[in-house]
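Have a look at the structure below, then the notes.
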Protein chains: 2
Amino acid sequence: MGKSMSSLLRKWTNLGKFKNMYRDNADRYGKTTAAYGPFSRHRYCKNLQLCHFSNMTFERRSRLDDVARDAGVSLATVSRAMTRPELVRATTLARVRSSAQKLGYIPGGVARALVSGKSMTVGAIVPTLDSAIFAKTLQAMQSTLSQAGYLLLVASTNYNNDAEVEAIRGFLARGVDGLFLVGAERSRQASDLLRNAMVPVTLGWCADPLFDAVTVDNHLAGALAARHLLDLGHRNIGMIAGQVSSNDRQRKRVEGARATLLEYGVALPEWLVSEQPLTLAGGRQGCAVLMSAAHPPTAIIGGNDILAIGCITELQLQGISVPQGLSVVGIDNLELAAHVTPPMTTIHLPTGRIGEQAALSLLRRMANPGPPQEIELPVELVIRKSTEPLST
Amino acid sequence: MGKSMSSLLRKWTNLGKFKNMYRDNADRYGKTTAAYGPFSRHRYCKNLQLCHFSNMTFERRSRLDDVARDAGVSLATVSRAMTRPELVRATTLARVRSSAQKLGYIPGGVARALVSGKSMTVGAIVPTLDSAIFAKTLQAMQSTLSQAGYLLLVASTNYNNDAEVEAIRGFLARGVDGLFLVGAERSRQASDLLRNAMVPVTLGWCADPLFDAVTVDNHLAGALAARHLLDLGHRNIGMIAGQVSSNDRQRKRVEGARATLLEYGVALPEWLVSEQPLTLAGGRQGCAVLMSAAHPPTAIIGGNDILAIGCITELQLQGISVPQGLSVVGIDNLELAAHVTPPMTTIHLPTGRIGEQAALSLLRRMANPGPPQEIELPVELVIRKSTEPLST
DNA sequence: GAAGCTTATGAAAGCGTTTGCAGTAAATTC
DNA sequence: GAATTTACTGCAAACGCTTTCATAAGCTTC
C-alpha cells in the first residue's frame, strides 16, 4: 500500500526525472520519517525493551541524554562529567553524578569504543582453557588487565591452527586493543592477519622477532631436566612429550634434553621419546610404551608435569616405586607437583608471571608503539623426591 | 590565537546577539570543518595509523566504503553482501567478495554492535580461572558459544563480592549479550545490577528463581558422599570444606552430608568440619587439623576433589594408608581423581556440561525471552579405591 | 509495448558516545 | 564599571556500520 502510494506520488510530482536531487530526497526523508516515526524500527523500540526473564517490556537502559535531561545540562557535559570530571564545575558535576546514580546509568562502551577506537578489551587465544598452565596464565593476565580497566576475551584452539585463525579474526572484528597468543608457530594465514592487525600482539612461551613476547627458555628447561638426571648417573633416559610437530614448546624441550644428553655422549633416539596427548592418561600411556622397550630407561623426563605425574601413577601401578625403581622429572612446577607422592622434581616455569608480564607488555605497547621486545623469564630446577642417583 | 580570532570575528559580524541561530552555526561549522579539515583530529588521523611494532605509519584498516569504492557499488550493498548475501545479485556479490578479500576487510564489530544492539559476546564471571573446575566449565562454554559465533569475556572475582560487582558493571558497559555467574549468592548491589541488566543471566551450580540456572544438587552430592561412608560402616566422619559463609556450593555440600549423617543418628559437629582454602595445601591443612582431634575420624569427605587429594597426600605423609587406615571421598570427579594413588572415590559432577548447558541456556534466552528456567544436571557416586569398609 | 511485479541498488538516518569549536558565564584586572 | 581573561557549557560532527525507504532495473503478462 505504502509502496504503490509513493510510486503514484512519484509520478504526480514527476520527481523521478531529475538527477542530483539528493537534498530533495533528504527533505522528503525528513518528512517521511517524521510521519512514519512511531512505526519505524528505531522509534518503535527506542524506549522499550523486552525483559528476558519475564516477557514484560521495561524501559530501556538510560543513556547519556537521559542523564543530561534529568540533570538539566547538555549531553556533552554529562559525557565530560563521566570521563574528565576536572572539566566541569563542581556543582554541575555533583548534579550530574546524582542523576546518573538515580537513573542507574552505565556508560555505553560500544559507542565509546566506536568513537575512541579503543574497546578496552584484549583477546587471549590459548590451546585450551582446561589446563592448569594456561588457566593460571590467564588468571594472572586477567587480574593484571582488570586493574588497568581492561577486560579479557578468551578463545581456545584445541591445538588447531584453523581455529586459531578464526579466533584471531573474531577478536580483530570485535576491535580488541591487544592480542595474546601462545607459541610462535602458526599458519601462514594467521601470521598475515597478525602482521596487518595494527594491534599490539604479545606471544607467550616462545618468541617471534615480529612481535613482543614473554618467553621461557624451553630448550633450557629440557636441558636442565636432562642434566639433573645425568648428574645422578642416569645414562638411559626416556622422555614423554606432546606432539612436537605442532607444539614448539614441547619440541624445544625435547631438543634441549637431547642436546644435553649428547654432550654426555648419551643419545635420545626416537624410540625413547613417546609423543602423547598432554593429559594424565597420555603420561600413563607414554610410560607404558617406554617401559615395554627392550632396555627400559632408568629415568624419564615428562614434557610437562601432567605427563610426568601420569607417568608416576603408571609406574606405581606397575609396581615400580619412584624414585627407587625409576626417577621421574617434570617441567612446569604445577602446584600439584609438590603434593603428589612422592613430591615431584621438576623444572619451575613462572607460569603466572608469563600472564602477568604479557598483560604488562600489552599495556605498555598500547601506550607507546615501538620495536618488538622479548622478555625472557628464568627457569629453574626444583629438586624433590621423585629422582635419586642411579642404583647400580 | 585561534580562539581570540574567532571571538573577534564574533564581534565584527555581531552574530552573538541572535538566538536560535543553530542552522547558521551549522553552516559555519560546515565551512570551518572544511577549512580546518586536514588539521582536525578526525581528518588528520583518518587514513593513517601508527603501527605498534615499528613506529611507522600504515594505512588504516579498510572499511565498508573502501570495499564499496573498490567494487564500484554503494556501501549499503557491501553491507548486505556481508550479512545477507541472498539480497545481492550473484555477480555483484562476487565482485564485492573479491574486493573485500583483496583489501583484507574485517567487519567492524563495534559499529555493528552499536547499530544492532548485539555485541555477540557473553561474559562469564568465576571465582578464579585457576581451578580445574571453572577452567573446564569455561572451556566447554567457550567452545559451545564460539560455534554460535559468540565470544567469551571472562573475569574472576577471587571470591570477592566487590570484585564481582565491578566485573558485572564492566561487562554490562561493554554491552555483553548474556552473563554467566557462579552460585546464587551475591551482594545486594550485584543483584540489583543483574535484575536491571536487561540481559539474559544464567547461573551455574546454584539456582535463583529470578534467573536461568544450570545446577547440580550440591546437597545431594554431600549426602551421597556421606551415605557411601555410612554404608561402609563409618560412624566417625570428618569433612574438609571451603568457606561455607561465602560459598553456597560448599555450604550445601556440608549441609547435605550433615543431614544424611543425622538420618543415621551420626552428628557432624563443627569441630569435625575444617574450613580451608580450596587448594591442595588447604586439604592437607584441614586433614592435619581433623587428625589431631581427640577422636580422629575414620573417614573424611572432601568438599571438593582438590581438598580430598590434599587430604590423601597429608595422610600418606603421616604414614596413614588410604583406604586401609582411613577412607577419603571427594566431590567433583576431576580427571586427576582417577589418576592419584589410590584412585579416588568421589561424587561425579558434570563440570563440563554445566558450561555447555549454560552456554545453550544463554543462547536460547537471547533468542526468546521467557520465565527463568532451571536445568539440574545429575550427580553420581563413583567408587574407586580410596574408601573401604570400616575395619573393626 | 505499456502496466504491473519482483529484485537489486542507493541515499541517508540512525546507534550512543567523544570532542573541536563557539559561545556564554564567571572571575580577574585595570 | 568596562575590558579582558578564564572556566565552563553547548552544539553538531564523527566513529563505521545496518536498515528503511525510494527508486531503478529486470522481468512478466496481456
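In what follows, every heavy atom counts, from backbone to side chain, and hydrogens, waters and symmetry copies are set aside. Proteins come first, then strands; the chains are lettered A, B, ... in the order of their sequence lines, and each starts at number 1.
Closest to the A:Thr92 side chain, of the nucleotides D:dC21, C:dC15, D:dC8, is D:dC8.
Nearest heavy-atom pair across A:Asp177 and A:Met120 is OD2-N, 2.6 Å. Residue A:Ser146 comes nearest to A:Ser143 through the heavy atom pair OG-O, 3.2 Å, listed as atom of the first residue, atom of the second, then distance. The minimum heavy-atom distance between A:Val96 and A:Ala81, with the atom names listed, is CG1-CB, 3.7 Å. What you find for A:Tyr150 and A:Thr121 is that their closest heavy atoms are CD2-N, 3.8 Å. Nearest heavy-atom pair, B:Ser119 versus B:Gly175, reported as atom, atom and distance to 0.1 Å: OG-O, 2.6 Å. Considering all non-hydrogen atoms of both residues, B:Ala71 and B:Arg95 come closest at O-NE, 3.0 Å.
Separating the NZ atom of A:Lys118 from the P atom of C:dT19 is a distance of 13 Å, rounded to the nearest angstrom. Rounded to an integer number of Å, the gap from CZ of B:Arg174 to P of C:dT17 is 14 Å. Distance CZ (B:Arg84) to C1' (C:dT7): 13 Å, rounded to an integer number of Å. Per the geometry, CG belonging to B:Leu172 stands 15 Å off P belonging to C:dG16, to the nearest Å. Atom CG in B:Asp65 sits about 10 Å away from atom C1' in D:dC17, given to the nearest Å. Atom P of nucleotide C:dG14 and atom CZ of A:Arg63 are separated by 12 Å, given to the nearest angstrom. Atom CZ of A:Arg112 and atom C1' of C:dG16 are 11 Å apart (whole Å). Between the C1' atom of D:dC15 and the CG atom of B:Leu64 lies a distance of 13 Å, rounded to the nearest Å.
Nearest-nucleotide positions on DNA chain D for A:Glu86 and A:Leu114 put A:Glu86 closer to the 5' end. For the pair A:Arg89 and A:Met82, both in contact range of DNA chain C, the more 5′-proximal nearest nucleotide belongs to A:Met82.
Looking at heavy atoms from C-beta onward, B:Thr77 lies in side-chain contact with B:Thr92 at the 4.5 angstrom threshold.
The phosphate of C:dG16 (OP1 or OP2) has no side-chain N or O of A:Tyr105 nearer than 4.0 angstrom. OP1 or OP2 of C:dT17 has not a single side-chain nitrogen or oxygen of A:Ser79 nearer than 4.0 Å.
Within 3.5 Å, a donor on the side chain of B:Arg80 pairs with an acceptor on the base of C:dG10, or the reverse.
Screening residues 163-174 of chain A for side chain to side chain donor-acceptor pair (under 3.5 Å) gives A:Glu164-A:Arg186 as the qualifying pairs, with residues at least two apart or on separate chains.
Side chains of B:Asn161 and B:Ser187: no donor on one and acceptor on the other come within 3.5 Å.
Taking a 4.0 Å limit (strictly below) on heavy-atom distances, residues 67-77 of chain B reaches DNA chain D at B:Leu75, B:Ala76.
In this structure, the helix from C:dG1-D:dC30 to C:dC30-D:dG1 shows an angle of 40° between the axis at its start and the axis at its end, each fitted on 5 base pairs and rounded to 10°.
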